[in-house]
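Input: a single structure, listed below in structure tokens.
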Amino acid sequence: MELAGLEKISDFCWEIPPQGKMRVPVLIYGSEKIVQAMDQKVAEQASNVASLPGIVKASFVMPDAHWGYGFPIGGVAAYDPEEGGVISAGGVGFDISCGVRTLLTGLKEKDIQPIKNKLAELLFKEIPAGVGSHGKIVLDKAEIDKMLEGGAKWAIAKGYGQQKDLDRIEEQGCMPGADPQAVSHLAKERQAKEMGTLGSGNHYAEVQVVGKIFDEALAKIFSIHQGDIVVSIHCGSRGLGHQIGTDYLKEMVVCAQKLKIDLPERELACAPIASELGKRYLGAMRAGINCALANRQIITQLIRNVFSYFFPGIELPILYDVSHNTCKVEKHAVNGHLKELYVHRKGATRAFGPNNPEIPQDFREAGQPVLIGGSMGTHSYILVGTTQSEQLAFSSAVHGAGRAMSRSKALKEWKGKEIIRNLEQKGIIIKAVSERGVAEEAPLAYKDVSDVVEAAHNAGLAKLVARLDPLICIKG
DNA sequence: ATGTAC
């Protein structure tokens, strides 16, 4: 991106002032280096987002942003229903409620060293992964509806986990307002055999060691210490979320035409929040959120079973579970007034600061854990939400490294086998269904996640707490 | 991300 077209607000914030059909400015967060490396298309897309009806304050761009469908991935936009605001399927993304969950193990690296290979093999055997992967769980129509209403709460009632897990999950593990009736039969059909599966692309289950602590006091509150083993899951709502996105984008294109909403691009299809379609999408999207929460809950239990085999009696409590592809109704201060807004976070993690009532009691004074998954073979990070982030981007932060290279280009550049061998030499075990998938996810096909989180930290979007280094990575 | 294109 050309810095010349931007107004520098601070060392970590750049503005595109409103022009043309833009109703509000675009605010891009990141260092000069990061913003320069950002695709020009992100500026265009974020400007388009700023032109949609009812947008409040600004169209925000996180440091890890890259080109997406309509809305950039790494974008945050809030719309006001009282100002004719809209809700957009493209503003949430296809993988509804994709997110990261981190589990604590209480183990140290030396504890797993003797069984590392066996642990990797058993995790790979027990967690279904890959495109179209099916689990052992098959849901009938009635049970799918219950899952879509209950989320992780449903999964726990089915025996996948414990009641206390819910305290550490966004929305207490169950998104209210989900409407299974708003989800197509096709979407449900696709999901019937996909519960408890990882999927493909950048999704993974990873055994990690806490490699660095940035803030001792906060790390202690999160129960993480240097050398601790943790397990992180990065996945979403699988075929169901994708189908909801596909179904509603089509409907929203028709709706926007009918209502003569001036769309800069067809991909920005949306519906007024107050419209029948808007409400129906919200109900379906919330069902998608519950699907993702249930999915991560089931995978959690599969992981617990594997760890129990090696470490009888081990618990693996949840540190936290947070999504980075959602639209949530939240109250935010706008010009001194508290307003109920529809906050789209597409490839952006919710990052509530201290004292927010949505945060688990144990973390209330510290702030919400912000879980940032890296790309394969690279670091992941735990940050914490700040008070400042509320003002900066409706309490949002980055979500991960973000692609630097297209999948097709990555395929030409690398072979899966050599990537696996290179990482093995660094002590990282990759267990993957598809060698092609590994090549597409090559570490160098992504931006440097460390740069991205550092920028988020410096911009004040969230605060660095700990770095996680990969030991075993299970991939689709 | 995705029954990796309807």
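Labels below follow one simple rule: chain letters A, B, ... track the order of the sequence lines, proteins then strands, and each chain is numbered from 1.
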Distance, rounded to the nearest Å, where [X] contributes [atom1] and [N] contributes [atom2]:
{"X": "A:Asp95", "N": "B:dT4", "atom1": "CG", "atom2": "P", "result": "15 Å"}
{"X": "A:His203", "N": "B:dT4", "atom1": "NE2", "atom2": "P", "result": "16 Å"}
{"X": "A:Glu441", "N": "B:dT4", "atom1": "CD", "atom2": "C1'", "result": "12 Å"}
{"X": "A:Glu189", "N": "B:dT2", "atom1": "CD", "atom2": "P", "result": "18 Å"}
{"X": "A:Glu440", "N": "B:dT4", "atom1": "CD", "atom2": "P", "result": "12 Å"}
{"X": "A:Tyr248", "N": "B:dT2", "atom1": "OH", "atom2": "P", "result": "20 Å"}
{"X": "A:Asp247", "N": "B:dT2", "atom1": "CG", "atom2": "P", "result": "16 Å"}
{"X": "A:Arg238", "N": "B:dT4", "atom1": "CZ", "atom2": "C1'", "result": "12 Å"}

Counting the atoms with a prime plus P, OP1 and OP2 as sugar-phosphate, which does A:Leu186 contact under 4.0 Å by heavy atoms, base, sugar-phosphate, or nothing?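 It contacts base atoms.
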Scan A:Gly245 against the nucleic acid and name what it touches under 4.0 Å (heavy atoms): base, sugar-phosphate only, or nothing.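 The answer is nothing, as A:Gly245 stays clear of every strand by at least 4.0 Å.
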By ring-ring contact (aromatic ring centres under 6.0 Å, His included), which residues pair with A:Phe394, not counting sequence neighbours?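 A:Phe394 satisfies ring-ring contact (aromatic ring centres under 6.0 Å, His included) with A:Phe60, A:His332 once adjacent residues are dropped.
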Is the phosphate of B:dT2, meaning OP1 or OP2, less than 4.0 Å from a side-chain N or O of A:Ser200?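 Checking A:Ser200 against B:dT2: at least one side-chain N or O falls below 4.0 Å of OP1 or OP2.
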Heavy-atom count check: over 12 atoms from other residues, nucleotides or ligands less than 6.0 Å from A:Lys41 NZ?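 Atom NZ in A:Lys41 is crowded, with more than 12 foreign heavy atoms closer than 6.0 Å.
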Are more than 12 heavy atoms from other residues, nucleotides or ligands located less than 6.0 Å from atom NZ of A:Lys153?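 Open.
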Quick one: is the NZ or CZ of A:Arg403 closer than 6.0 Å to the six-membered ring centre of A:Tyr446, and within 45° of its axis?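 Geometry flag: set, cation within 6.0 Å and 45°.
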Of A:Arg407 and A:Lys250, whose nearest nucleotide on DNA chain B comes first from the 5' end?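 The residue whose closest nucleotide sits nearer the 5' end is A:Arg407.
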